[in-house]
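Below is one structure, written out as structure tokens; comments come after it.
As the structure lists them, so they are numbered: ligands from 1, and atoms in each ligand from 1. The figures here come from the full heavy-atom set of this structure, side chains too, leaving out hydrogens, waters and symmetry mates.
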Amino acid sequence: MPDLDGVEACRRIKAVPALTQIPIIVVTARSQKDFLQAAFDAGAEDYIRKPVESVELLARVKSAFRFKQESEARKSWEEEITKTINELDKTVSEMEALQQLIPICPTCRKSHPSKISEAALNEYAQSHPRMKFQSLMCSTCTT
Ligand SMILES: [Zn+2]
């Protein structure tokens, strides 16, 4: 394959969305910087000079394959992390919504029905500064 066509082939392969992740190793008799720069700009990952040595070719292919696998693993891990963060955000929002359902008397600062001790409530409120309680006067304070 003439070198110019090789660069164009890289460009066309990398323009197809389903093929963008496929590593391209350019095989060339040339080593001019301009050609190599054009090949890398077109999306080539690596190059091998002719005549091709099978040991070198195999090592480069293995290396490109390993890099691709690692990239995919990292991408998959990042997607998983993003998914987990979104789930956590949703859970935190739900918890905050539920916390607002705990009625606290604005006068005596006690929860009612008083299932939660005042000490536990204060401790919890201090460690969760974003938490808001529902303000509701208790029967003791209204009488
Ligand atoms: Zn009260």
Side-chain angles (χ1 to χ4, degrees), residues 1-28 30-49 52-143:
M1 190 187 295
D3 288 331
L4 249 181
D5 287 349
V7 171
E8 184 55 29
C10 279
R11 212 171 275 133
R12 289 183 190 183
I13 290 167
K14 292 294 181 177
V16 179
L19 305 179
T20 55
Q21 299 305 310
I22 292 183
I24 297 173
I25 301 170
V26 175
V27 178
T28 180
R30 297 208 242 159
S31 62
Q32 286 104 328
K33 282 181 187 170
D34 288 350
F35 166 73
L36 290 177
Q37 190 59 59
F40 289 130
D41 288 347
E45 268 77 18
D46 203 354
Y47 78 99
I48 301 175
R49 287 203 195 126
V52 175
E53 294 287 338
S54 60
V55 173
E56 186 185 12
L57 178 64
L58 194 64
R60 299 287 181 102
V61 169
K62 275 184 181 173
S63 171
F65 185 68
R66 201 179 313 118
F67 181 76
K68 186 179 184 297
Q69 278 186 319
E70 284 167 6
S71 297
E72 282 170 357
R74 192 180 57 234
K75 195 181 163 204
S76 157
W77 181 77
E78 283 168 358
E79 282 169 1
E80 196 61 38
I81 291 285
T82 303
K83 198 177 145 200
T84 304
I85 288 171
N86 288 340
E87 282 169 6
L88 276 172
D89 281 347
K90 194 177 160 225
T91 304
V92 167
S93 297
E94 284 169 358
M95 280 178 66
E96 283 173 349
L98 281 173
Q99 284 161 353
Q100 290 177 28
L101 297 176
I102 301 172
I104 303 290
C105 174
T107 308
C108 67
R109 306 295 302 161
K110 283 179 182 165
S111 78
H112 53 91
S114 54
K115 287 176 182 168
I116 308 165
S117 79
E118 199 178 341
L121 202 62
N122 284 337
E123 193 187 320
Y124 191 79
Q126 275 176 10
S127 59
H128 298 79
R130 286 163 61 195
M131 178 169 138
K132 290 175 192 145
F133 294 98
Q134 183 188 358
S135 186
L136 189 70
M137 198 81 95
C138 72
S139 56
T140 312
C141 292
T142 48
T143 51

Check the Zn ion (ligand 1) and write out every protein N, O or S atom at under 2.8 Å, as residue and atom. Cys105 SG, Cys108 SG, Cys138 SG, Cys141 SG
Sub-3.5 Å donor-acceptor pair from the side chain of Arg49 to the main-chain atoms of Thr28, do we have one? no
Answer yes or no: are there more than 12 heavy-atom neighbours, outside Glu123 itself, under 6.0 Å from its atom CD? no
Compile the donor-acceptor pairs under 3.5 Å between side chains in residues 76-85 and protein atoms, sequence neighbours left out, one pair per line.
{"residue": "Thr82", "atom": "OG1", "partner": "Glu78", "partner atom": "O", "Å": "2.8"}
{"residue": "Thr84", "atom": "OG1", "partner": "Glu80", "partner atom": "O", "Å": "2.9"}

Rounded distance (nearest 0.5 Å) linking atom CD of Glu8 with atom CG of Asp5: 8.0 Å
Going from CD on Glu45 to CZ on Phe40, what distance comes out if it is rounded to the nearest 0.5 angstrom? 9.0 Å
Looking at OG1 of Thr143 and CE of Met137, how far apart are the two atoms once the value is rounded to the nearest 0.5 Å? 10.5 Å
